[in-house]
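Everything on this sheet refers to the single structure shown next.
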Amino acid sequence: MTYLGIDIGTSGVKALLMDAEQTIISVGMAPLTVSRPHAGWCEQDPTDWIGGVRMALEKVRRDAPKAYSAVAGLGLSGHMHGATLLDKNGRVLRPCILWNDTRSHAEAQILDNNPAFRAITGNIAFPGFTAPKLAWVKDHEPSIFASVHKVLLPKDYVRLWLTGEYVSEMSDASGTSWLNVAERDWSNELLNACDLGREHMPNLIEGTDVSGVILRERASHLGLPTHVKVAGGAGDNAASAIGMGAINNGDAFLSLGTSGVLFAVNDVYSPNANSAVHAFCHAQPESWHQMGVTLSAADSLNWLATITGKTPAQLTQALPGQLSGPSDITFLPYLSGERTPHNDAKVRGVFAGLNHTSDTTALTRAVIEGVSFAFKDCLNALGAAGTRIHRATVVGGGSKSRYWLQTLATVLNIQLDVPQTGDFGAAFGAARLGFIAASKERVKGVCKKPTLMHSVEPINSLTTQYAEAQSLYRALYPAINNWQQN
């Protein structure tokens, strides 16, 4: 038997095929594009996800036809919070409003002013969450709102296409602002506050459960066996945690992807919305997690690469071989606003301290430090929520830079563990969930931690200097925020 994981990412679809020993057999990729019709808007056409799934699976099928024909289970993962609106015939009503879309900041504030949202969800009603997006649609596109039959998250739209079932699971549903996270169920009160009801929501299961089987016609078109079981799956960060074996209380990982995530597993529900930390259900039963999020992590370096005409790798390769202390330039990486700790959709990024000698390398150092300071804000916020992190596994594109890892370890003053070369991300985690759902194996037996390649320790002689630089970084936000608001 073999198992598939499909991850609907912001920039592409990834399909991963593994065997029962969890050896990766093949990986298929398909690119996706993001539409930005107005400042602060980010949208995708859900039909593009389907095209991406077809393309990614076709690549896997060509690579390993025999293993592909033996698929028994499939797991789904995807970027969270996206509002995918369907009419009573299952047709998409408008482009999906993505996780990093900030148009609904006013609606989010109105919802957050209702104390029931923080009390029931354990979270701030962030502009990127799903409920404020529906409030925006109701205010600005009332005819579309009136036609909404179901609200699905991105991976769950793909599930509907695969299985014909309207189903979601706890980890992804936690990011809608409609879930009672402690009870792991939709909240009638919060849905009613948005003029919606349970009938607009998919059914809820755990990520390790079976949500349905692939439709016979769909299986035939995709070249898959009939009766492939589809797991509940997970939102992308919870799926990554499953992929890295972060399933026990205190396990933590740091993701240096498009956005940045500092993720810690909890065996009890421990919300603290005032810290702007997310308190969500994990993808396994009776487990939760806390998460600090910075919206533009590796994306900040991608932005600098675009305007300098270089690749991110070229930028980091030009950096010194050894950390020598903080830069004279301070960078706020708020290119799309910021979540933790500010919950500010309108603030934007800035360089401070530029001079005539500020070249591309100096700007690269500043960007890396600024993103690292944003992670420090997340670490402090998690600490305020009662979670202490002493070491974390680090993944994501930015983790390929030794300089960035050394900066992060020193700024955070924690040990960072780097896995051996391999794929431990959301698609792998989704495949693990497909394995668990189809085989009924225990989570702890399947979700082992990866073998480490090396660990990066903080440079103790520099931690005080970076702590002082962090203080300057923190002081810049209120100053620039006041200026940008006026």
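Residue numbers start at 1 and run along the sequence shown. The model shown is predicted, which means the values in this text are computed figures rather than measured ones. Worth knowing before you read on, the calculation uses all heavy atoms, side chains too, and leaves out hydrogens, waters and symmetry mates.
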Go through the steps for Cys281 and Tyr269 under the test side-chain contact (heavy atoms from CB on, under 4.5 Å), then give the verdict. CA-CA 8 Å; Cys281 299; Tyr269 173 54; over 6 Å; no

Checking Arg184 against Glu286 for the salt bridge (charged side-chain N to carboxylate O under 4.0 Å, His left out) test, could you report, in this order, the C-alpha distance in whole Å, the side-chain angles of both residues, the deciding distance, and whether it holds? CA-CA 9 Å; Arg184 303 172 90 93; Glu286 301 179 2; over 6 Å; no

With side-chain hydrogen bond (donor to acceptor under 3.5 Å, both in side chains) as the test, would you mind laying out the steps for Tyr68 and Arg62 before giving the verdict? CA-CA 9 Å; Tyr68 185 81; Arg62 290 196 308 268; over 6 Å; no

Just do the side-chain contact (heavy atoms from CB on, under 4.5 Å) check on Leu301 and Leu315 with the steps written out, would you? CA-CA 8 Å; Leu301 192 64; Leu315 291 176; 3.9 Å; yes

Applying side-chain contact (heavy atoms from CB on, under 4.5 Å), run through Val137 and Ile97 and close with a yes or a no. CA-CA 10 Å; Val137 171; Ile97 306 175; 4.0 Å; yes

Please test Gln284 against Ser287 for side-chain hydrogen bond (donor to acceptor under 3.5 Å, both in side chains), starting from the C-alpha separation and ending with a verdict. CA-CA 6 Å; Gln284 59 181 347; Ser287 181; 3.2 Å; yes

Under the side-chain contact (heavy atoms from CB on, under 4.5 Å) rule, what do Trp178 and Val151 come out as? Steps first, then yes or no, please. CA-CA 11 Å; Trp178 292 314; Val151 181; 4.1 Å; yes

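Within the model, atoms CZ of Arg339 and OG1 of Thr102 stand 10.5 Å from one another, a figure rounded to the nearest 0.5 Å. The distance from the CZ atom of Phe435 to the OG1 atom of Thr2 is 11.0 Å, given to the nearest 0.5 Å. Atom-to-atom distance recorded for Ser174:OG and Met80:CE is 6.5 Å, nearest 0.5 angstrom. In this structure, OG1 in Thr33 is found 9.0 Å from CG in Asp45, a value given to the nearest 0.5 Å. Distance CG/Asp7 to CG/Leu76: 9.5 Å, rounded to 0.5 Å. Atoms CG and CD, on Leu262 and Gln290 in that order, are 10.5 Å from each other to the nearest 0.5 Å.
Other residues, nucleotides and ligands contribute more than 12 heavy atoms inside 6.0 Å of the NZ atom of Lys59. Within 6.0 Å of CE in Met453 there are more than 12 heavy atoms belonging to other residues, nucleotides or ligands. Within a 6.0 Å sphere centred on CD of Gln22, heavy atoms belonging to other residues, nucleotides or ligands number more than 12.
A salt bridge is absent between Arg159 and Glu165: the closest approach of a Lys/Arg side-chain nitrogen to an acidic carboxylate oxygen does not fall below 4.0 angstrom. Checked for salt-bridge contact, Lys150 and Glu199 miss the test: no charged N lies under 4.0 Å from a carboxylate O. The pair Lys440-Asp209 does not meet the salt-bridge criterion, since no charged nitrogen lies less than 4.0 angstrom from a carboxylate oxygen. The residues Glu43 and Arg36 are annotated as not salt-bridged, no charged nitrogen and carboxylate oxygen being separated by less than 4.0 angstrom. Salt-bridge formation is detected for the pair Lys155/Glu169: a Lys NZ or Arg NE/NH1/NH2 atom is positioned less than 4.0 Å from an Asp or Glu carboxylate oxygen.
The closest donor-acceptor contact from the side chain of Asn180 to the backbone of Glu183 lies under 3.5 Å. Remark: the backbone N or O of Ile242 is paired with a side-chain donor or acceptor of Arg432 at under 3.5 angstrom. Not one N or O on the side chain of Ser270 forms a donor-acceptor pair closer than 3.5 Å with the backbone of Asn266. A donor-acceptor pair under 3.5 Å links the side-chain atoms of Ser399 to the main chain of Gly396, judged by distance alone. Side chain of Lys133 to main chain of Leu98: a donor-acceptor pair is present (N/O by atom type, distance under 3.5 Å, no hydrogens or angles). Listed for the Thr340 side chain is no donor-acceptor partner under 3.5 Å among the backbone atoms of Cys378. Under the 3.5 Å distance criterion, the side-chain polar atoms of Gln44 are matched with a main-chain donor or acceptor of Thr10. With hydrogens and angles ignored, the 3.5 Å screen pairs a side-chain donor or acceptor of Asn123 with a backbone N or O of Thr121. Remark: side-chain polar atoms of Thr311 are paired, donor with acceptor, to backbone N or O of Gln314 under 3.5 angstrom. With hydrogens and angles disregarded, no donor-acceptor distance shorter than 3.5 Å links the side chain of Gln415 to the backbone of Pro458.
Ring geometry for Trp41 versus His38: interplanar angle over 60°, hence perpendicular rather than tilted (30 to 60°). Using cut-offs of 30° and 60° for the angle between ring planes, the Trp303 and Phe331 rings count as parallel.
Judged by the 6.0 Å distance and 45° axis criteria, Arg54 is not positioned over the aromatic ring of Trp49.
Under the 6.0 Å cut-off for aromatic ring centres, Phe129 and His278 qualify, their centroids lying closer than that. Two rings, from His200 and Tyr166, have their centers 6.0 Å or more apart.
Residues Pro127 and Pro132 share a closest heavy-atom pair of O-CB, 4.3 Å.
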Identify each donor-acceptor pair in which a side-chain atom of residues 244-261 lies under 3.5 Å from a protein atom, sequence neighbours left out, and give them as a table.
| from | atom 1 | to | atom 2 | distance (Å) |
| --- | --- | --- | --- | --- |
| Asn248 | OD1 | Lys444 | NZ | 2.5 |
| Asn249 | OD1 | Asp267 | N | 3.2 |
| Asp251 | OD1 | Lys449 | NZ | 3.4 |
| Asp251 | OD2 | Ile247 | N | 3.2 |
| Asp251 | OD2 | Asn248 | N | 2.9 |
| Asp251 | OD2 | Lys449 | NZ | 2.9 |

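Between Asp417 and Ser455, the side chains place a donor N or O and an acceptor N or O closer than 3.5 Å (distance only, hydrogens not considered).
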